[in-house]
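Numbering of ligands and ligand atoms starts at 1, following listing order. Bear in mind the structure is a predicted one, so any value in this text is a computation, not a measurement.
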Amino acid sequence: MKSIILLISFLAIANAANILYISNVPSPSHFIWCKAILHSLHERGHNLTVLSPDVEESKPNLTFLHLDKVYSEIYNGTEEMNFLEFNKLGAIELFNVYTDVSKKSCKGSIESKGFKQFMEYPNDFKFDLVLHDITMDPCLLLIFSRIGDIPMIGLSAFNSPGVLGANLLYPAFVPAHDLVYSANMNFFQRLNSLFAHLVEYVFRDYIIDPAVDKIVHQYYPDIPNIATYKKNYKMYLINNEQITDHKQPVFPNQKNVGGLQVKKPKKLPDNLKAFADSATNGLVLFSLGTNVRSDSLGEESLLKILKALGRLNKYKFLWKFETTEKLPIDLPKNVKIQAWMPQNDVLAHKNTKLFISHCGLLSTQESLWYGVPVLGFPVFADQPQNALRLKDLKVSETLEILDFTEDGLYETIKKLLEDPKYSKNAEQISKALHDRPMSALEEATYWTEWLLRNPDIDLEGPAADMNLFQRHSLDLYTFILFIELIILYVLYKIEKFLYNLFCGKKTKVQVKSDKKRN
Ligand SMILES: *[C@@H]1O[C@H](CO)[C@@H](O)[C@H](O)[C@H]1NC(C)=O
Ligand SMILES: *[C@@H]1O[C@H](CO)[C@@H](O)[C@H](O)[C@H]1NC(C)=O
Ligand SMILES: *[C@@H]1O[C@H](CO)[C@@H](O)[C@H](O)[C@H]1NC(C)=O
């Protein structure tokens with residue numbers, strides 16, 4: 001038996017491939033997700049070249065080429081983005097921000113050292129597969145002008161395959177990610193969802209793509225329109241999962257590998273472990289993720305939080321908090337703060353009974369995976385909708401980060417910890433998520449290697465080449481409506497003609513005689 005397994009793994013490694021990963025997405029959390037796939041492929045013996053604004057130390061068969069100008073181009077001189085302000089932007093303003101980020105990230109990528117290194121690779125160095133983070137724009141597809149057309153997989157740590165171009169749009173039962181709607185929408189919500197989907201579609205295809213194309217052509221005037229390289233997408237690996245995400249049909253070329261970043265839990269570091277083990281009445285993890293710093297909430301909010309947590313002294317709280325100087329009062333005894341938190345391992349701890357979270361997608365998935373109820377403090381982007389989704393799954397309550405009271409926070413935490421329905425529902429969902437033939441990461445790795453073995457099999461069909469109207473049969477519905485209108489018009493004309501022919505005069509006479517009688 002052992003020798004068969006050895007033989008199989010030997011065969012797999014014998015087919016080791018040269019894989020190129022490209023991303024210009026300036027987001028450490030997105031990279032955490034993609035990185036899980038890269039490491040898994042590396043462990044399988046493939047040779048990976050990683051072109052990215054986020055990098056690690058290179059090692060044999062895992063070469064990082066740093067897109068070192070992406071972050072600096074976007075943040076140049078300015079303060080870090082104030083994500084709390086994003087909360088107040090409308091859809092169009094937000095997409096204007098995204099367009100601007102895309103343009104800067106494209107320019108930064110092309111001017112980076114890592115990109116230049118890559119463009120100087122010897123011509124005879126061949127890649128077998130490209131992995132592209134499709135969350136933003138197609139800027140880096142320009143590398144195809146150098147390496148020639150080879151199969152490509154689109155990846156995203158985002159869970160909206162429709163707007164990423166990996167699937168059809170289903171505005172009727174998949175609310176646009178920036179709307180705080182449940183999947184079950186009324187007519188006007190569906191209309192709004194359609195509108196929001198179309199705004200994003202138009203922005204991505206007709207505003208962001210050409211803007212990025214223009215930048216690419218400033219550096220490489222002779223290459224074709226950047227969107228032409230989209231034909232190389234053969235498959236998509238999307239951070240969508242079919243039990244708790246909005247339900248939607250997918251093409252066979254889309255693999256839902258949601259939550260693949262969730263790691264096998266490790267033992268906590270000693271100081272955290274002692275604190276967590278001692279929280280026998282319940283441990284609460286509090287983290288607003290990587291974009292919003294807890295210490296940027298302002299003194300007033302911090303005071304409310306510290307007071308509420310202090311009153312709940314039966315429980316213990318672990319808070320990801322960046323700088324101790326910013327604390328307005330002494331830390332209550334039952335609260336421990338730390339700048340960095342092994343979130344996965346804390347959520348896996350048996351005493352952890354609640355997660356106070358910004359409801360970023362990765363955190364949302366981790367809480368569901370470990371069956372931990374959530375108090376949502378969503379801030380921006382898809383976070384408010386993730387929070388609502390958790391609420392619809394009956395595992396959470398939500399508060400407003402810019403508008404909550406000490407008592408409201410106290411009561412909500414108490415309710416989530418003391419009403420058993422939340423943990424019962426969370427455990428049930430966790431059980432269903434664990435019940436699968438192979439892990440999401442194994443699945444992502446499997447399908448990547450499947451594509452390496454079967455690069456010429458088409459899993460999408462003609463839909464790939466259709467425009468939005470054709471893909472959704474809108475041209476056909478419009479045609480039918482048009483024919484119906486013509487038929488109605490012709491029937492109307494015939495009826496009018498027949499009416500005039502047989503009844504027209506008679507009626508006039510009748511009207512006249514009626515008048516006379518009156
Ligand atoms: C590195 O990758 C090559 C294929 O590109 C493979 O043949 C080799 O076994 C890999 N080496 C290691 C140490 O994994
Ligand atoms: C792996 O890829 C790098 C390019 O990023 C290359 O320099 C190296 O020679 C490759 N290794 C093998 C074993 O093919
Ligand atoms: C940063 O901004 C200054 C002007 O404010 C400009 O001169 C400089 O070139 C910018 N640097 C980058 C990397 O964009």
Hey, which atoms in ligand 2 end up nearer than 4.0 Å to a heavy atom of T49? 2 (O), 4 (C), 5 (O)

Please state whether the rings of W319 and F321 are parallel, tilted or perpendicular, taking 30° and 60° as the class boundaries. perpendicular

Just jot down the side chain to side chain contact (heavy atoms under 4.5 Å, CB included) partners of V202, sequence neighbours excluded, or say none. Y206

Can you tell me how far CG of L451 sits from NZ of K234, rounded to the nearest 0.5 angstrom? 8.5 Å

Partner residues of T323 under the side chain to side chain donor-acceptor pair (under 3.5 Å) criterion, sequence neighbours left out: D295

Below 4.0 angstrom from a heavy atom of Y121, which ligand 2 atoms are there? Numbered from 1 as shown, please. 4 (C), 5 (O)

Could you check which of F125, F118, F64 puts a non-hydrogen atom nearest to atom 9 (O) of ligand 2? F125

